[in-house]
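Report on the following structure.
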2 protein chains.
Amino acid sequence: MQSKPTTIKEIARILNISPSSVSRGLHDHPSIGAVTREKIKQLAKSLNYEPNKAAILFQKGKTYTIGVILPELSEHFFSIAISAIEDEAMKKNYTVIFAQSHDRYELEVKLVEKMKNQRVDGLLVSISKHTCNFDHFEKVNSFNIPVVFFDRIPPLKNVHYVASGLESATVKAVNYLLKKGHRSIGMINGPGTLYASEERKDGYKQAITFNRLKFDPSLVINCDLTEQGTIDAAEKFLKHKRKPTAIVAFNDYVALFLIKHFKKMNVIDDFDIVSYANLPIISYLDHAPVASVEQYPYLQGQKAVNILLDLIHSPNTENQAYYNTIVDADLIVNETNY
Amino acid sequence: MQSKPTTIKEIARILNISPSSVSRGLHDHPSIGAVTREKIKQLAKSLNYEPNKAAILFQKGKTYTIGVILPELSEHFFSIAISAIEDEAMKKNYTVIFAQSHDRYELEVKLVEKMKNQRVDGLLVSISKHTCNFDHFEKVNSFNIPVVFFDRIPPLKNVHYVASGLESATVKAVNYLLKKGHRSIGMINGPGTLYASEERKDGYKQAITFNRLKFDPSLVINCDLTEQGTIDAAEKFLKHKRKPTAIVAFNDYVALFLIKHFKKMNVIDDFDIVSYANLPIISYLDHAPVASVEQYPYLQGQKAVNILLDLIHSPNTENQAYYNTIVDADLIVNETNY
DNA sequence: GAAAACAGCGCAAACGTTTGATTAATTTTG
DNA sequence: CAAAATTAATCAAACGTTTGCGCTGTTTTC
């Protein structure tokens, strides 16, 4: 009942040739005659030969495996991104292993170490919310394992990354609201420490001043992204002397809390909301955001993995160039509103 | 700048002992003296020695890797399940590799083959919608690689699986609606080929007859789970001579389409809807389902991986017992309705 | 027609680790 | 005190594949 996988040695024994010839034959090496080559290939097929990957990996010192570390797989953005990574890696015959940092710095450090020990050929990372120190990645680099960051990227110069252009997307979002006639626009931003918050704020400012309006800092409220934090921010807007008529929410979760609260307060119709997409079904809500910033997680995943494979295959000479790829985010106007 | 990982050989050379002693020393083999053992361990630590996994795998013929094949990672249920699988495997020092079948039978076959070639120690599978033939799993079994199915399981006796008890959960759901006073309850079921459809139907029937009501087959409509299919089913209910006042939807997507259509038709208030949870934020909808069947994906993932590890570690003698684990699903009444 | 080129294949080492068999030195036993 | 047992370490093979080098015998070249 139990089968043992066929090996090159076995094929060699049956054909009365050397294992090396079999290996070369299977790889179309020129120094193997066409007749022998075909015999080898035929027998291999009929015996259902499959190269023992473990042996090849070991021999070549390559694993044909890329590691992915991200904060939380259950977040829609990441589940789509890793889906893309897997699809793309699969095409190139690479295997993906992954692990979640659950947004904890110490765990992330351990995972990076583990991936290194697994001898992954390269690493794709979206850093945890609380990662401020990046030495663990330096260590990986010193083992000549390339690292590409995506989405949540560190504020460093000398790294490869793929991220979305949140600043220009925010400009688009605010412009859209301005064009709709809004003159006082609020923004519920994330914690000030996040790079993503900075980008949103900069985009907001840029759009406001470009349209010759005055930037009012009190209209941009930092928030811890919890439900309570969102409610607090909402209340500030409701009591604001220049009560906004539109709000840019940090993400769909915030938008959700906001909508819930505004409905409860019976003021939902006083606001147009724009958000950054990460909950696919939010557009089904009754008072869904009028527009969403789409960050194309699938595309980001694709680009990140392709860059990584590039780095893996490029000669490991000192390549001084760093890939800094921005995936343009688009403003999607929600058509299903009725 | 570039480091080469430390090997056992190097440690042996430095300490002037044989590689085998180093290996045994690191593994606390009794035939290595305490002094030597400590010297070995110290040097290993200071040189940052990490065993070359590829070499060990190769040598032992084990990979300490489990493969996961599932239809679609972006489905919430699966993203949670694989998250659990990863967490649990991580604890036991196993690595997870995964691939998506995208609900295509041929791809699934290929992936199973690929996993086999990767020499995974075990396989966790949620089968594709269109898989009716299961020979590809037999093949894996013949290589002594255990397979545990979860959630979407094949209708076979001699397999290990973890799945949720949809039948009894459906009984609970229908009972709940009956207790709320509904006397005509519709069900939008999936395709008849799916085992999950059968279970739902059986549960429905059971609850109805147990409550001494007559089972009306025309109130259970099979549907292809698309938006149009859902609309067609909804229309049938609206024109039904015993127009139902409550509907059990196959899943949250169907519920979503249903709600959308009923709102458009302005009949949303005529219905109570119960669904099977897979969209976390559906409860935020204005006319959300009054209750949801929770299938505990995290728990299912956990159980599945633990069973698999059991099988991997159990002596590969003919273990005639099959793990058939049912994770009870619960009816969660949606409190946020107001 | 001798030298050079080439086609077709085998030999052997290498990758890092584990492990059964073996040896040598020491200690225990009767 | 010789024989037996124990301790501590080494040797060598093995896992499956790849690859540089070397070896034949044939064909081409001038």
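In what follows, chains carry the letters A, B, and so on, assigned in the order in which the sequence lines appear, proteins first and then strands, with residues in each chain numbered from 1. Bear in mind that the values here come from a model prediction, so they are computed numbers and not experimental data.
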Exercise for the section: Measure from NZ on K53(B) to C1' on dT18(C) and round the result to the nearest Å. Expected result: 16 Å
Practice task
Using atom CG of L47(B) as one end and atom C1' of dG16(C) as the other, report the distance to the nearest whole Å.
Solution key: 16 Å
Handout entry: Minimum-distance nucleotide (side-chain atoms of I17(A) versus dG10(C), dG16(C), dT17(D))
Key = dG10(C)
Fill in the blank from the handout: When rounded to whole Å, the CD1 to C1' distance for the pair I56(A) and dC15(D) reads 13 Å
Completion exercise
To the nearest 10 degrees, the angle between the two end axes of the helix from dG1(C)-dC30(D) to dG30(C)-dC1(D) (five pairs per end) comes to 40°
Practice task
May I ask you to check whether Y161(B) and D151(B) show a side-chain donor-acceptor distance below 3.5 Å?
Solution key: no
Handout entry: Distance test, side-chain N/O of K9(B) to OP1/OP2 of dC15(C), below 4.0 Å
Key = yes
Problem - Working for side-chain contact (heavy atoms from CB on, under 4.5 Å), residues S46(B) and Q42(B) - result: CA-CA 6 Å; S46(B) 79; Q42(B) 270 192 25; over 6 Å; no
Practice task
Check for a donor-acceptor pair, side chain of T6(B) on one end and backbone N or O of L47(B) on the other, with a separation under 3.5 Å.
Solution key: yes
Exercise for the section: Write down the distance between NZ (K60(A)) and C1' (dA13(C)), rounded to a whole number of angstrom. Expected result: 17 Å
Practice task
Please lay out, stage by stage, how F149(A) and F137(A) fare under the test ring-ring contact (aromatic ring centres under 6.0 Å, His included).
Solution key: CA-CA 10 Å; F149(A) 296 94; F137(A) 298 116; 4.9 Å; yes
Exercise for the section: Before giving the answer on salt bridge (Lys or Arg N to Asp or Glu O under 4.0 Å), spell out for D28(A) and K41(A) the whole-Å C-alpha distance, their side-chain angles and the decisive distance to 0.1 Å. Expected result: CA-CA 10 Å; D28(A) 293 323; K41(A) 289 196 174 179; 2.8 Å; yes
Handout entry: Options dC15(D), dT18(D), dT17(C), nucleotide nearest the side-chain atoms of Y49(B)
Key = dT17(C)
Handout entry: Contact residues, residues 18-45 of chain A to DNA chain C [heavy atom, < 4.0 Å]
Key = S18(A), S20(A), S21(A), R24(A), S31(A), I32(A), G33(A), T36(A)
Exercise for the section: Using atom CG of L15(B) as one end and atom C1' of dA9(D) as the other, report the distance to the nearest whole Å. Expected result: 13 Å
Problem - Centroid under 5.5 Å and tilt under 30°, F58(A) to dT17(D) - result: no
Exercise for the section: Find which nucleotide of DNA chain D each of N16(B) and E50(A) is nearest to by heavy atoms, and output the residue with the more 5' nucleotide. Expected result: N16(B)
Exercise for the section: Quick one: sort the F150(B) and F78(B) rings into parallel, tilted or perpendicular, breaks at 30° and 60°. Expected result: perpendicular
Handout entry: Cation-aromatic face contact K62(A)/Y64(A), 6.0 Å, 45 degrees
Key = yes
Exercise for the section: Can you tell me the distance, in whole Å, between the CD atom of Q59(A) and the C1' atom of dT18(D)? Expected result: 4 Å
Practice task
Grab the CZ-C1' distance between R119(A) and dT17(C) for me, whole Å please.
Solution key: 12 Å
Practice task
If the plane angle is over 60° it's perpendicular, under 30° parallel, otherwise tilted; pick one for H136(A) and Y105(A).
Solution key: perpendicular
Problem - Between S18(A) and S21(A): side-chain donor-acceptor atoms closer than 3.5 Å - result: yes
